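Heads up, the thing below is written out as C-alpha coordinates.
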Amino acid sequence: MKKIVVYGAGAYAKVFYNEVRRTNALEIAAFTIDNAYIGDCKTLFGLPIIPFEDCVHYFPPEEYDMIVLCGYTKMRDRKIMFDKAKEKGYFLSNYISPDAYMEENITMGENNIIFSNAFVGYGGTMGDGNVIRQNVYLGHNFQI
(Lines give C-alpha, C1' and ligand atoms only; values in the text may rest on other atoms or scores of the structure.)
Protein backbone atom coordinates (compact mmCIF):
# COMPACT_ATOMS: atom_id res chain seq x y z
CA MET A 1 0.00 0.00 0.00
CA LYS A 2 1.30 3.44 -0.93
CA LYS A 3 1.57 6.17 1.66
CA ILE A 4 -1.10 8.85 1.51
CA VAL A 5 -0.90 12.61 1.13
CA VAL A 6 -4.00 14.32 2.49
CA TYR A 7 -5.19 17.25 0.36
CA GLY A 8 -6.73 19.48 3.01
CA ALA A 9 -5.81 20.57 6.52
CA GLY A 10 -9.07 21.83 7.98
CA ALA A 11 -11.44 20.36 10.54
CA TYR A 12 -12.45 17.43 8.31
CA ALA A 13 -8.80 16.51 7.67
CA LYS A 14 -8.21 16.54 11.43
CA VAL A 15 -11.19 14.24 12.06
CA PHE A 16 -9.95 11.93 9.31
CA TYR A 17 -6.39 11.90 10.67
CA ASN A 18 -7.63 10.87 14.12
CA GLU A 19 -9.78 8.10 12.62
CA VAL A 20 -6.82 6.75 10.65
CA ARG A 21 -4.47 7.05 13.62
CA ARG A 22 -6.93 5.06 15.74
CA THR A 23 -7.39 2.30 13.16
CA ASN A 24 -3.87 2.20 11.67
CA ALA A 25 -5.52 1.46 8.31
CA LEU A 26 -3.45 3.94 6.28
CA GLU A 27 -0.11 5.66 6.58
CA ILE A 28 -0.38 9.42 6.14
CA ALA A 29 2.90 10.98 4.99
CA ALA A 30 1.91 14.65 4.75
CA PHE A 31 -0.81 17.21 4.25
CA THR A 32 -1.06 19.55 1.28
CA ILE A 33 -3.08 22.70 0.72
CA ASP A 34 -3.14 25.32 -1.98
CA ASN A 35 -0.34 27.84 -1.58
CA ALA A 36 -2.86 30.69 -1.25
CA TYR A 37 -4.08 29.18 2.06
CA ILE A 38 -0.85 27.92 3.58
CA GLY A 39 0.14 31.05 5.57
CA ASP A 40 2.29 30.19 8.58
CA CYS A 41 1.07 26.58 8.75
CA LYS A 42 4.03 24.27 8.23
CA THR A 43 2.98 21.14 10.14
CA LEU A 44 -0.12 19.35 11.36
CA PHE A 45 0.09 16.50 13.87
CA GLY A 46 3.86 16.59 13.37
CA LEU A 47 3.54 15.95 9.62
CA PRO A 48 4.57 18.48 6.99
CA ILE A 49 2.08 20.72 5.20
CA ILE A 50 3.32 21.17 1.64
CA PRO A 51 1.97 23.68 -0.90
CA PHE A 52 -0.17 21.71 -3.36
CA GLU A 53 1.59 23.37 -6.27
CA ASP A 54 4.90 21.74 -5.14
CA CYS A 55 3.49 18.43 -3.89
CA VAL A 56 4.68 16.28 -6.80
CA HIS A 57 8.29 17.31 -6.11
CA TYR A 58 8.17 16.08 -2.50
CA PHE A 59 5.60 13.29 -2.83
CA PRO A 60 5.58 11.98 -6.43
CA PRO A 61 2.38 10.26 -7.62
CA GLU A 62 4.34 7.15 -8.52
CA GLU A 63 5.11 6.65 -4.83
CA TYR A 64 2.17 8.29 -3.04
CA ASP A 65 -1.61 8.27 -3.37
CA MET A 66 -3.79 11.15 -2.28
CA ILE A 67 -7.08 11.62 -0.47
CA VAL A 68 -9.04 14.86 -0.92
CA LEU A 69 -10.68 16.05 2.29
CA CYS A 70 -12.90 19.06 2.11
CA GLY A 71 -15.64 19.54 4.67
CA TYR A 72 -19.33 20.10 4.01
CA THR A 73 -19.05 23.91 4.14
CA LYS A 74 -16.92 23.81 0.98
CA MET A 75 -18.35 20.65 -0.51
CA ARG A 76 -18.34 22.06 -4.06
CA ASP A 77 -14.56 22.58 -3.79
CA ARG A 78 -14.09 18.81 -3.33
CA LYS A 79 -14.66 18.21 -7.06
CA ILE A 80 -12.22 20.99 -7.99
CA MET A 81 -9.60 19.57 -5.64
CA PHE A 82 -10.26 16.03 -6.93
CA ASP A 83 -9.69 17.18 -10.52
CA LYS A 84 -6.52 19.09 -9.61
CA ALA A 85 -5.06 16.02 -7.89
CA LYS A 86 -5.92 13.81 -10.89
CA GLU A 87 -4.28 16.34 -13.24
CA LYS A 88 -1.06 15.95 -11.24
CA GLY A 89 -1.24 12.18 -11.72
CA TYR A 90 -2.37 11.07 -8.26
CA PHE A 91 -4.55 8.04 -7.65
CA LEU A 92 -7.18 9.03 -5.11
CA SER A 93 -7.44 6.25 -2.56
CA ASN A 94 -10.55 5.11 -0.78
CA TYR A 95 -10.53 4.80 2.97
CA ILE A 96 -12.71 2.10 4.47
CA SER A 97 -12.52 1.87 8.22
CA PRO A 98 -11.80 -1.65 9.45
CA ASP A 99 -14.68 -0.95 11.87
CA ALA A 100 -17.18 -0.47 9.02
CA TYR A 101 -19.33 -3.37 7.88
CA MET A 102 -18.92 -3.89 4.14
CA GLU A 103 -21.03 -6.46 2.32
CA GLU A 104 -19.71 -8.14 -0.82
CA ASN A 105 -20.05 -7.05 -4.42
CA ILE A 106 -19.76 -3.27 -3.95
CA THR A 107 -18.55 -1.16 -6.87
CA MET A 108 -16.67 1.94 -5.83
CA GLY A 109 -14.87 4.82 -7.55
CA GLU A 110 -12.04 6.87 -6.01
CA ASN A 111 -11.72 9.11 -2.96
CA ASN A 112 -14.57 7.56 -0.97
CA ILE A 113 -14.35 7.77 2.81
CA ILE A 114 -16.26 5.24 4.93
CA PHE A 115 -15.94 5.87 8.65
CA SER A 116 -16.30 3.51 11.60
CA ASN A 117 -19.57 1.73 12.29
CA ALA A 118 -21.07 2.41 8.85
CA PHE A 119 -23.07 -0.42 7.29
CA VAL A 120 -22.65 -0.73 3.52
CA GLY A 121 -25.07 -3.21 2.00
CA TYR A 122 -24.69 -5.85 -0.68
CA GLY A 123 -24.48 -4.97 -4.35
CA GLY A 124 -24.24 -1.20 -4.05
CA THR A 125 -22.60 1.27 -6.39
CA MET A 126 -20.71 4.33 -5.23
CA GLY A 127 -19.06 6.86 -7.55
CA ASP A 128 -16.20 9.20 -6.59
CA GLY A 129 -15.78 11.48 -3.60
CA ASN A 130 -18.46 10.20 -1.23
CA VAL A 131 -18.30 10.46 2.54
CA ILE A 132 -20.16 7.88 4.62
CA ARG A 133 -20.01 9.01 8.23
CA GLN A 134 -20.21 6.98 11.43
CA ASN A 135 -23.35 4.92 12.05
CA VAL A 136 -24.77 5.40 8.53
CA TYR A 137 -26.78 2.56 7.01
CA LEU A 138 -26.73 1.99 3.24
CA GLY A 139 -29.09 -0.82 2.29
CA HIS A 140 -28.58 -3.37 -0.46
CA ASN A 141 -28.24 -2.28 -4.10
CA PHE A 142 -27.78 1.40 -3.17
CA GLN A 143 -26.56 3.91 -5.77
CA ILE A 144 -24.63 7.03 -4.81
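Small disclaimer: the values here were computed from a predicted structure and weren't measured.
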Taking all non-hydrogen atoms of both residues, which atom of Ala25 and which atom of Pro98 are closest, and how far apart? CB-CD, 3.9 Å

Going by the angle between their ring planes, with limits at 30° and 60°, are Tyr12 and Phe115 parallel, tilted or perpendicular? tilted

Is there a path of hydrophobic side-chain contacts, each under 4.5 Å between heavy atoms of I/L/V/M/F/W/Y residues, joining Leu92 to Phe59? yes

Can you measure from CG (Asn94) to CD1 (Ile106) and round to the nearest 0.5 angstrom? 11.0 Å

Begin with the C-alpha distance, continue with both residues' side-chain angles, and end with the deciding distance and a verdict on side chain to side chain contact (heavy atoms under 4.5 Å, CB included) for Tyr95 and Thr23. CA-CA 11 Å; Tyr95 169 77; Thr23 64; 3.0 Å; yes

Same cluster for Val20 and Phe45 if Ile/Leu/Val/Met/Phe/Trp/Tyr side chains link at under 4.5 Å? yes

Does Ile144 reach the side chain of Leu138, with side-chain heavy atoms less than 4.5 Å apart? yes

What is the distance from atom OH of Tyr90 to atom CD of Glu62, rounded to the nearest 0.5 Å? 8.5 Å

Closest heavy-atom contact between Asn18 and Arg21? OD1-NH2, 2.8 Å

Less than 4.5 Å apart, any side-chain heavy atom of Glu110 and any of Lys86? yes

Does one hydrophobic cluster hold both Ile114 and Phe142, with members joined at side-chain heavy-atom distances below 4.5 Å? yes

Show the numbers, then the answer: is there a side chain to side chain contact (heavy atoms under 4.5 Å, CB included) between Leu69 and Ile113? CA-CA 9 Å; Leu69 296 172; Ile113 313 293; 4.1 Å; yes

Return the set of residues passing ring-ring contact (aromatic ring centres under 6.0 Å, His included) with Phe31 (not counting sequence neighbours), or none when no residue passes. none

Give the C-alpha distance, both sets of side-chain angles, the deciding distance and a yes or no for side chain to side chain contact (heavy atoms under 4.5 Å, CB included) between Leu26 and Ser93. CA-CA 10 Å; Leu26 290 176; Ser93 289; 5.6 Å; no

Under the side chain to side chain contact (heavy atoms under 4.5 Å, CB included) criterion, do Ile28 and Leu47 qualify, and how do the steps go? CA-CA 8 Å; Ile28 297 174; Leu47 298 172; 3.8 Å; yes

First locate atom OG1 of Thr125, then atom CE of Met108, and finally report the distance between them rounded to the nearest 0.5 Å. 10.0 Å

Does Glu63 CD have over 12 foreign heavy atoms under 6.0 Å away? yes

Are Tyr64 and Ile50 joined in one hydrophobic group, where the rule is that I, L, V, M, F, W and Y side chains link up if heavy atoms are under 4.5 Å apart? yes

Residues, nucleotides or ligands: over 12 heavy atoms within 6.0 Å of Tyr58 OH: no

Common cluster, Phe16/Ile33, ILVMFWY with side-chain heavy-atom separation under 4.5 Å: yes

Quick check: closest heavy atoms across Cys41 and Ile49, and the distance to 0.1 Å? CB-CD1, 3.9 Å

Which value, rounded to the nearest 0.5 Å, describes the distance between Phe82 atom CZ and Ile67 atom CD1? 12.0 Å

Side chain Asn130, main chain Asn112, donor-acceptor under 3.5 Å: no

Salt-bridge contact Glu87-Lys84 (side-chain N to carboxylate O under 4.0 Å): no

Look only at the side chain of Asn35 and the backbone of Phe52, and say whether a donor-acceptor pair between them is shorter than 3.5 Å. no

If you look at every heavy atom in Ser116 and Ser97, which pair is closest and at what distance? OG-OG, 3.3 Å

Testing the basics here: between Arg78 and Gly129, what is the closest heavy-atom pair and its distance to 0.1 Å? NH1-O, 3.3 Å

In Å, rounded to the nearest 0.5 Å, how long is the span from CZ of Phe119 to OH of Tyr137? 5.0 Å

Does Asp99 reach the main-chain N or O of Asn117 with its side chain, forming a donor-acceptor pair under 3.5 Å? no

Identified side chain to side chain donor-acceptor pair (under 3.5 Å) counterpart of Tyr7 within the set Asn111, Thr32, Asp34: Asp34

